[in-house]
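In what follows, a structure is listed as structure tokens, so that the remarks can point back to it.
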There are 2 protein chains.
Amino acid sequence: MGVIRKTQSVSLVLNEFEKNSKAISAIELVKRLDDKINKTTVYRLLDKLEDDGLLHYFLDSNGVKWFAKCKICSKSKHHDVHPHFQCTDCGIVDCLEIKITIPEIPNRKVVNSQILVLGQCDLCLQ
Amino acid sequence: MGVIRKTQSVSLVLNEFEKNSKAISAIELVKRLDDKINKTTVYRLLDKLEDDGLLHYFLDSNGVKWFAKCKICSKSKHHDVHPHFQCTDCGIVDCLEIKITIPEIPNRKVVNSQILVLGQCDLCLQ
DNA sequence: TTGCAATCGCAACTAAGTTGCGTTTAAATT
DNA sequence: AATTTAAACGCAACTTAGTTGCGATTGCAA
């Protein structure tokens with residue numbers, strides 16, 4: 001798969017992610033674009049953009065799917081397997097530019113890890 | 001809330017977790033007990049047992065809810081905030097008895113973290 | 001400008017989990 | 001042991017995120 005045509009829907013979706021660097025949940029995006037794009041299309045586009053390496057996704061503590069812009073992903077593979085942060089007060093979600101190393105585990109081969117850090121963001125701390 | 005009565009349903013659910021030390025997804029548990037307990041009851045019991053500190057739960061990479069026995073949880077608080085492991089080959093999920101430290105993050109207060117490690121389990125490595 | 005595969009919208013569907021409510025039951029009380 | 005009653009239960013209907021099938025539309029290359 002992958003995005004082939006530069007349709008209006010693609011622009012609308014990508015535009016939402018250009019506004020700022022925060023992540024957006026699929027649910028929220030569907031709502032925001034409700035009067036412009038059908039929800040089926042939104043979900044399909046998110047899948048494609050993720051496939052193309054323009055977006056990456058992850059789940060928050062409620063199992064809700066969030067998407068964010070990729071910074072160093074290629075078309076073939078997501079390179080930026082980084083932790084994500086969710087503010088327990090205001091709910092914003094974004095990417096953490098830190099590396100957390102998973103130690104070796106006896107008798108298992110660690111391939112990947114998904115880390116969600118919960119706490120308070122800079123705005124909510126003030 | 002909390003488990004008050006020792007009903008047959010409670011025994012049946014807890015019995016599933018006694019069989020071995022692996023985690024069980026809510027979906028799987030509902031299926032296993034389908035002919036004995038109504039799914040509504042299973043979900044309600046899982047909530048209560050979690051509330052009581054007998055079980056804890058977490059989400060896997062698909063957002064599916066898994067439950068496992070607590071080892072050092074009290075009624076008031078889950079103490080064992082540990083990482084969990086899911087085998088990408090056979091799908092088993094269990095608790096990791098290791099501690100992964102989250103570094104300080106500038107301008108944020110880290111309260112909690114949820115870590116899912118993906119890879120191959122001992123059986124699938126052979 | 002024409003052809004057509006990619007894209008889209010719509011309606012219907014799937015599946016995990018929840019809610020409301022009337023019935024059953026554990027277990028304390030008499 | 002019988003009575004009582006709130007906790008626990010089963011059932012049906014509902015909610016909601018996400019998916020599927022399919023016919024209509026559209027980007028874009030020839």
Side-chain angles (χ1 to χ4, degrees), chain A residues 1-17 23-68 75 84 86 91 93 114 116, chain B residues 1-17 23-68 75 84 86 91 93 114 116:
Chain A
M1 232 198 314
V3 171
I4 296 179
R5 296 186 190 173
K6 295 289 173 186
T7 65
Q8 194 180 9
S9 298
V10 173
S11 307
L12 284 169
V13 167
L14 287 179
N15 185 50
E16 291 297 321
F17 288 97
I24 310 175
S25 73
I27 299 168
E28 167 66 18
L29 196 62
V30 166
K31 276 186 199 149
R32 279 196 209 169
L33 300 172
D34 186 42
D35 55 343
K36 294 174 185 154
I37 318 179
N38 182 274
K39 74 168 177 172
T40 306
T41 302
V42 174
Y43 279 110
R44 283 196 280 232
L45 279 183
L46 288 172
D47 280 350
K48 280 192 185 173
L49 293 167
E50 196 264 339
D51 229 59
D52 258 22
L54 292 173
L55 299 178
H56 64 279
Y57 81 94
F58 52 94
L59 304 175
D60 74 4
S61 56
N62 300 308
V64 170
K65 211 167 179 178
W66 291 73
F67 287 81
K75 282 197 178 75
H84 293 93
Q86 183 164 35
V93 176
Q114 299 172 2
L116 180 70
Chain B
M1 232 199 311
V3 171
I4 296 176
R5 296 187 192 172
K6 296 287 173 187
T7 65
Q8 195 179 7
S9 298
V10 172
S11 306
L12 284 168
V13 167
L14 287 179
N15 186 50
E16 290 298 320
F17 288 96
I24 310 175
S25 72
I27 301 167
E28 167 66 18
L29 196 63
V30 167
K31 278 186 198 147
R32 279 196 207 169
L33 300 172
D34 186 42
D35 55 343
K36 292 173 186 155
I37 317 181
N38 181 273
K39 75 167 176 173
T40 306
T41 302
V42 174
Y43 280 110
R44 283 197 279 232
L45 279 184
L46 288 172
D47 280 351
K48 280 192 186 172
L49 292 167
E50 197 264 341
D51 229 59
D52 258 22
L54 292 173
L55 299 179
H56 64 280
Y57 80 94
F58 52 94
L59 304 175
D60 73 5
S61 56
N62 300 308
V64 170
K65 211 167 180 178
W66 291 72
F67 288 81
K75 281 198 180 75
H84 294 93
Q86 183 164 36
V93 175
Q114 298 174 1
L116 180 70

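Every chain is numbered from 1, with letters handed out A, B, ... down the list of sequences. These numbers were taken from a predicted model, which means no experiment stands behind them.
Look at NZ on B:Lys39: it is 14 Å from P on D:dT15, rounded to the nearest Å. Nucleotide C:dC8 holds its C1' atom 15 Å from the CG atom of A:Asp47, rounded to whole Å. Rounded to an integer number of Å, the gap from A:Asp34 CG to D:dG18 P is 15 Å. Protein atom CG of A:Asn38 is 16 Å distant from nucleotide atom P of D:dG21, rounded to whole Å. Spacing between atom CG of B:Leu33 and atom P of D:dG10 amounts to 11 Å, rounded to whole angstrom units. In this structure, B:Gln8 atom CD and C:dA27 atom P are separated by 12 Å, rounded to whole Å. Look at CG on B:Leu59: it is 16 Å from P on D:dA17, rounded to the nearest Å. Between the C1' atom of C:dA16 and the NZ atom of B:Lys31 lies a distance of 11 Å, rounded to the nearest Å.
Listed for the A:Asp60 side chain is a donor-acceptor partner under 3.5 Å among the backbone atoms of A:Asn62. In terms of modelled atom types and a separation under 3.5 Å, the side chain of A:Asp52 and the main chain of A:Leu54 share no donor-acceptor contact.
Taking 4.0 angstrom as the limit, B:Lys48 places a side-chain polar atom (N or O) nearer than this to OP1 or OP2 of D:dA8. Between A:Ser9 and C:dC8 there is a side-chain polar atom (N or O) within less than 4.0 angstrom of OP1 or OP2. Remark: B:Thr41 is in phosphate contact with D:dG10, judged by side-chain N or O atoms under 4.0 Å from OP1 or OP2. Phosphate contact (OP1/OP2 of C:dG17, side-chain N/O of B:Tyr43, threshold under 4.0 Å): present. Within the 4.0 Å cut-off from OP1 or OP2 of C:dA26, not a single side-chain nitrogen or oxygen of B:Thr7 is found.
Ring planes of A:Tyr57 and A:Phe67: tilted class, angle from 30 to 60°.
Among the protein residues, B:Lys36 comes within range of the sugar-phosphate backbone only, with heavy atoms under 4.0 Å from sugar or phosphate atoms but none that close to a base.
Taking the nucleotide of DNA chain C with the nearest heavy atom to each of B:Thr40 and A:Thr40, the more 5' of the two is matched to A:Thr40.
Residue B:Ile37 places its side chain closer to D:dG10 than to any other of D:dT20, D:dC28, D:dG10. Closest contact between the side chain of A:Arg44 and the listed nucleotides C:dC8, C:dA16, D:dG18 involves C:dC8.
B:Val64 is not listed as a side-chain neighbour of B:Leu59, based on a closest heavy-atom distance of 4.5 Å or more.
Side-chain to base pairing of A:Arg5 with C:dA6: one donor and one acceptor N or O lie within less than 3.5 Å of each other.
With rounding to the nearest 0.5 angstrom, the CH2 atom of A:Trp66 is 8.5 Å from the CD1 atom of A:Ile27.
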